[in-house]
Amino acid sequence: MRLRREEPDCGRVTCWGRARKMAARGGVEEMRSRVILGEFGVRNVHTTDFPGNYPGYDDAWDQAKFEQNFRVDVIHMDENTLEFDMVGIDAAIANAFRRILLAEVPTIAVEKVFVYNNTSIVQDEILAHRLGLIPIRADPRLFEYKNQDDEEGTEIDTLQFQLKIKCKQNPRAAKDSSDPNELYINHKVYSKHMTWVPLGNQADLFADADLRPVHDDILIAQLRPGQEIDVLMHCVKGIGKDHAKFSPVATASYRLLPEITLLQPIEGEAAETLKKCFSPGVIEIQNIKGKKVAKVANARMDTFSREIFRHDDLKNLVRLARVRDHYIFSVESTGILPPDVLMSEAIKVLIGKCRRFLDELDSNHMD
Amino acid sequence: MAEEAQGKPALELVQADGADGSCVTFVLHNEDHTLGNSLRYMIMKNSEVEFCGYSITHPSESKINFRIQTRGGLPAVEPFRKGLTELVDVCQHVLSKFEAGIKEYKAQKEAEME
């Protein structure tokens, strides 16, 4: 599909131009399936394949067709990160999963801090805020939500931790030392100093579960001799919507699969310039009959810096687009739950929401 | 005719008097774009639906107004129910495909280790 050189690519297409594009091979397909990155704007952003929009297309929902086109490819997974592709789904649903991962998958975090003694330089509320943000390694699926009016926590909805530490002078330090590590004992309060205090039958239930903060080396406060911290913490189950400390992901995001099409063969010096306009590894130069020819090797790696639009001789020879239904998800967990479990839980949360309204509809109709 | 459930209703229907049930505004409490947009997409894919849209009345209140208008006198509750059921089916399929993909990846990693 050629762009006329004298027409500025401002994102608006004239009637004549659109008819020409529609008639052009694949013009409609492109409108339906690609998001085009133009020089001054982005085109075809919204999903338009609803029934009645395109003559000759049957766009009504068909579960069988969806199941046939849909696939999930896991690219990379380790302890805390997961990168996978979801192909054949719409933005509305992919975004719903992303939003749920950030805000509606429950976790356990410190909610109430009972301060028995805090003579450190960190104020009570700052200390409590910091303690709340520490990720706690406890499976939230084993706990219930706490009742709002319940003052004392029960064993099914509360986890207790204690932090009791006192800083003392080190009698064995050298006389003229100035290193705090030598002079003082316990002057840095880390998350490893938090100890679990079992409530009720938790000692039996979670005997082998290692309930502690995810990371041992989170610095909570610093002390000097004579200062001490003695707090009791109650952890409850909550969701990210309520407070960001309950969010189970460091972040969860997606991007659409980039697609770079060379509208004309690009050779020689222009090929070298083209290669520099994109991220490394996207464009490779092949040597065909002594001439350097550019070829798109791996468009997936590109970050679309739009550098190509700064070169007047090259900008009309390349089409930058994104595939509208191919989502490259990246989920990074804080360590509470593995990232694949998080994604499964997020999908279950969406199912739960729909089921809740279906039940409401059914009970409304019974009345 | 406005229907309300007992206690704290999560779903309310608001209908103009005299209308025939083919144009209904649902008020969904404690919901936002997460369910709103995905449900709107599923319902728009239904060819019986003439209009489907949602709006968040005020960002401080977590409720959405979800409006459905059908053609041909079909009661609007039908596409609403159908959209919810279809969304559940989509999610279940995504879940099974995702878990299968993860299992396959883990098996492949195990095979590479050996």
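Naming: A, B, ... by sequence-line order, numbering from 1 per chain.
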Side-chain contact, heavy-atom cut-off 4.5 Å: A:Val72 with B:Glu99? no
What part of A:Glu67 is in contact with chain B, defined as an atom under 4.5 angstrom from a non-hydrogen atom: side chain, backbone, both or neither? both
Say you draw a straight line from CG of B:Leu87 to CZ of A:Phe357; how long is it, rounded to the nearest 0.5 Å? 11.5 Å
When heavy-atom pairs shorter than 4.5 Å are enumerated against chain B, which of A:Asn95, A:Asp59, A:Asp90, A:Asp58 gives the highest number? A:Asp90
Distance check, rounded to the nearest 0.5 Å: A:Trp61 atom CH2 versus B:Glu86 atom CD? 7.0 Å
Go through the atoms of B:Thr85 and report whether side chain, backbone, both or neither lie under 4.5 Å from a heavy atom of chain A. both
Heavy-atom proximity to chain A below 4.5 Å, by part of B:Phe98: both
On a heavy-atom basis, which atom in A:Ala60 and which in B:Ser47 lie closest, and how many Å separate them? CB-OG, 4.1 Å
Given side chains that start at C-beta, do those of A:Arg99 and B:Asp32 come closer than 4.5 Å, heavy atoms only? yes
Need one label for B:Asp89: side chain, backbone, both or neither, based on atoms under 4.5 Å from any heavy atom in chain A. both
Under a 4.5 Å cut-off applied to non-hydrogen side-chain atoms, are A:Gln63 and B:Val90 in contact? yes
Is atom CD of A:Glu79 surrounded by more than 12 heavy atoms (other residues, nucleotides or ligands) closer than 6.0 Å? no
Has A:His129 got more than 12 heavy atoms of other residues, nucleotides or ligands less than 6.0 Å from its NE2? no
With a 4.5 angstrom heavy-atom cut-off, could you sort out which part of B:Lys109 is near chain A: side chain, backbone, both or neither? neither
Quick check: do A:Phe66 and B:Val94 have side-chain heavy atoms less than 4.5 Å from each other? yes
Identify the two heavy atoms, one from B:Lys97 and one from A:Phe70, that lie closest to each other, and give their separation to 0.1 Å. NZ-O, 3.3 Å
Charged N to carboxylate O below 4.0 Å: is that the case for A:Asp362 and B:Arg81? yes
For A:Leu350 versus B:Cys91, what's the shortest heavy-atom pair and its separation? CD2-SG, 3.5 Å
Contact origin within A:Arg356 toward chain B - heavy atom pairs under 4.5 Å: side chain
Rounding to 0.5 Å, atoms OH (B:Tyr41) and CG (A:Asp49) come to a distance of 5.5 Å
Is the backbone of A:Pro51 close enough, under 3.5 Å, to the side chain of B:Lys45 for a donor and an acceptor to pair up by distance? no
Would a 4.5 Å heavy-atom cut-off, applied to side chains only, mark B:Met42 and A:Ile93 as touching? yes
Examine whether an atom of A:Ile75 lies under 4.5 Å from a heavy atom of chain B, and if so say whether it belongs to the side chain, the backbone or both; otherwise answer neither. backbone
Let me confirm one number: the OG-CD1 distance from B:Ser38 to A:Ile100, rounded to the nearest 0.5 Å. 7.5 Å
Once rounded to the nearest 0.5 Å, what's the spacing between atom SG of A:Cys354 and atom CD of B:Gln92? 10.0 Å
So which atom in B:Tyr105 and which in A:Met77 form the shortest heavy-atom distance, rounded to 0.1 Å? OH-N, 3.1 Å
So what's closer than 4.5 Å to chain A heavy atoms on B:Glu104: side chain, backbone, both or neither? neither
Flag the one option from B:Asn30, B:Leu84, B:Asn37 with the top tally of heavy-atom pairs under 4.5 Å to chain A. B:Leu84
At a heavy-atom separation under 4.5 Å, does A:Asp62 approach chain B through its side chain, its backbone, both, or neither? neither
Less than 4.5 Å to any heavy atom of chain B: does that hold for the side chain of A:Asp73, its backbone, both, or neither? neither
